[in-house]
2 protein chains.
Amino acid sequence: MPAGTGQDPTDEYGIPIIPDPADAASRKRRAIIDAALAEFLAEGYSAASMDAITAKSGVSKATIYKHFGSKERLFLAVVGGLLPRTYADLAPAGATIAAAPDVRTGLVRHASELARILLRPEIMSLRRLVIGEIDRFPQLGQLWYRVTYDMNNGPLIEALTELTAAGALHVPDPELAVQQLVAATVGIPQLVQTFAPATEPDATALTATIESGVDLFLARYAARS
Amino acid sequence: MPAGTGQDPTDEYGIPIIPDPADAASRKRRAIIDAALAEFLAEGYSAASMDAITAKSGVSKATIYKHFGSKERLFLAVVGGLLPRTYADLAPAGATIAAAPDVRTGLVRHASELARILLRPEIMSLRRLVIGEIDRFPQLGQLWYRVTYDMNNGPLIEALTELTAAGALHVPDPELAVQQLVAATVGIPQLVQTFAPATEPDATALTATIESGVDLFLARYAARS
DNA sequence: GTCTATATTGGGATAGAC
DNA sequence: GTCTATCCCAATATAGAC
């Protein structure tokens, strides 16, 4: 069927549906971003092909270049745009801890939340991609680090500082303590998943690891009674 | 100058030096490996060019293909061959700890040794490369993990087990404890260097981080007196 | 704004002489 | 075993019609 004979689609009354051009452009932009993300995650930056992104997105290559200018800019827009959203549904550490019956439970819950997010296969793939392309795109490394700080470490530092002021903990260097807490809990399964993505994570073992990490933390930083 | 007129080089007595063919081939092989490693570390697998490796190594492209068959096999040979050597000059954990006046000093010394090796820029680059190519070469991820275990975690587990048997420590789960110790010491600066390679590591801060991590570990696992 | 068709470069791999 | 010269394909990016 020749493409030239296509007519505007009509609704149930026969009224032609003229798509809002702005919305059409937005939808195409979204389709490009989705296709590009899938391709970059699967292939890495260099092996990713603009032809493949073209095919997956359903728009033409020229349109992609009109929107994003170059492969580099497309990569930065897609990956850089996704980074701030990676931690989007992480509840603030302070709230999680305050809602718990005791500090240990609060820390375990927060670390479990963090693990649930960071160990998701898409986030793990994104992290591997960013690490692998850091020499080419140092901005992404800095962005990743800042997002981690703003969404997790920063709030946790605040929470530990307040708990220390309230006498519930004794944490002289909250920034270092947060790094230790994260490393000794989520950091351990994260390292395994980084090098062995095919390994199925075991929920029971994950909980045990996180609880043990929190206990390690509390053995040092619990307030002396 | 036409290449056809080249003569064998002679020594100081005019005796032609005929290079041992096996040695010549070995030297070329070594030159290829060195050039390929530099190129792969700088560009990643996909962006690395066999032409660039040809130029850097000083041999012809056909020779590289005779030796290694394909780009993939060259990559695996070069990176896979280097992995076991990364930990080559790490003293066994047991020896380092046994030679120290006390357990804390021994653990700090071992962690510092480990950090000295793992934070070297070439090792950090190699690690980033392996992580970024894990979807394409899962073997390298498994190899990295096994080398880490054989050269560091395994011996450390043994050492902690012996120290527990001797009553110097109380470590119920040595495998988990080793992961915690490594994560809370070397893991922290390693994470920073992973995402921010340009950051100059501060030796004083590194020592403080490692000592704090060991103290964290001992707060939980020191034998109860 | 969007498409089709194409320009142009560079890369992996090999044939054949020596 | 090694080199020179080349094949062939795929990739980024763009020109021009609509």
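Per chain, numbering begins at 1; letters A, B, ... match sequence-line order.
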(Q) With a 4.0 Å limit, can you tell me whether B/S60 has a side-chain N or O closer than that to the phosphate oxygens OP1/OP2 of D/dC3? (A) yes

Q: Go through B/L206 and B/L119 one step at a time and tell me if the side-chain contact (heavy atoms from CB on, under 4.5 Å) criterion holds.
A: CA-CA 11 Å; B/L206 176 62; B/L119 299 182; 4.0 Å; yes

Q. Is the shortest heavy-atom distance from the side chain of A/L140 to the side chain of A/F75 under 4.5 Å?
A. yes

Q: Map A/Y45 and A/K66 onto DNA chain D by nearest heavy atom, then report which one ends up closer to the 5' terminus.
A: A/Y45

Q) End-to-end bend of the helix from C/dG1-D/dC18 to C/dC18-D/dG1 (five-pair axes, 10° rounding)? A) 10°

Q) How close or far is atom P of D/dT14 from atom CZ of A/F68, stated in whole angstroms? A) 16 Å

Q: For A/I64 and C/dG1, give me the distance from atom CD1 to atom P, rounded to whole Å.
A: 16 Å

Q. Phosphate oxygens OP1/OP2 of D/dG1: is one of them under 4.0 Å from a side-chain N or O of B/H67?
A. no

(Q) Give me the atom names and distance for the closest heavy-atom approach of A/R127 to A/W144. (A) CG-CZ2, 3.3 Å

(Q) Measure CG/B/L74 against P/C/dG12 and give the value in whole Å, please. (A) 10 Å

Q.
Please find the pair of heavy atoms, one from A/I117 and one from A/T86, that lie closest to each other, and give the distance.
A. CG2-O, 3.4 Å

Q: Measure from the side chain of A/K61, starting at C-beta and using heavy atoms only, and say which of D/dT2, C/dT14, D/dT12 lies closest.
A: D/dT12

Q) Quick one: A/I53 CD1 to D/dT12 P, roughly how many Å, whole number? A) 8 Å

Q) Taking atom P of D/dT2 as reference, at what distance in whole Å does atom CZ of B/R27 sit? A) 11 Å

Pick out the pairs of N or O atoms, protein on one side and nucleotides 7-11 of chain D on the other, that lie under 3.5 Å.
none

**Q.** Distance flag, aromatic centroids of A/Y145 and B/F195, threshold under 6.0 Å
**A.** no

Q.
What verdict does the side chain to side chain donor-acceptor pair (under 3.5 Å) test give for B/Q180 and A/S212, after you've listed the backbone C-alpha separation in whole Å, the side-chain angles of each residue and the deciding distance to 0.1 Å?
A. CA-CA 9 Å; B/Q180 290 169 337; A/S212 178; 2.8 Å; yes

**Q.** Side-chain touch A/K71/A/L74, heavy atoms, less than 4.5 angstrom
**A.** no

Q. Considering only side-chain heavy atoms of A/A62, which listed nucleotide, D/dT12, C/dT4, D/dT2, is closest?
A. C/dT4

Q | Selected nucleotide, minimal atom distance to A/T63 side chain, candidates C/dA13, D/dT2, C/dC3 | A | C/dC3

(Q) Is the phosphate of C/dA13 approached by B/Y65 (side-chain N or O, under 4.0 Å from OP1 or OP2)? (A) yes

**Q.** Neighbour count >12 (heavy atoms, 6.0 Å) for atom CZ, A/R73
**A.** no

Q) Quick one: which of B/L107, B/V108, B/L216, B/T185 gives a side chain to side chain contact (heavy atoms under 4.5 Å, CB included) with B/E211? A) B/V108

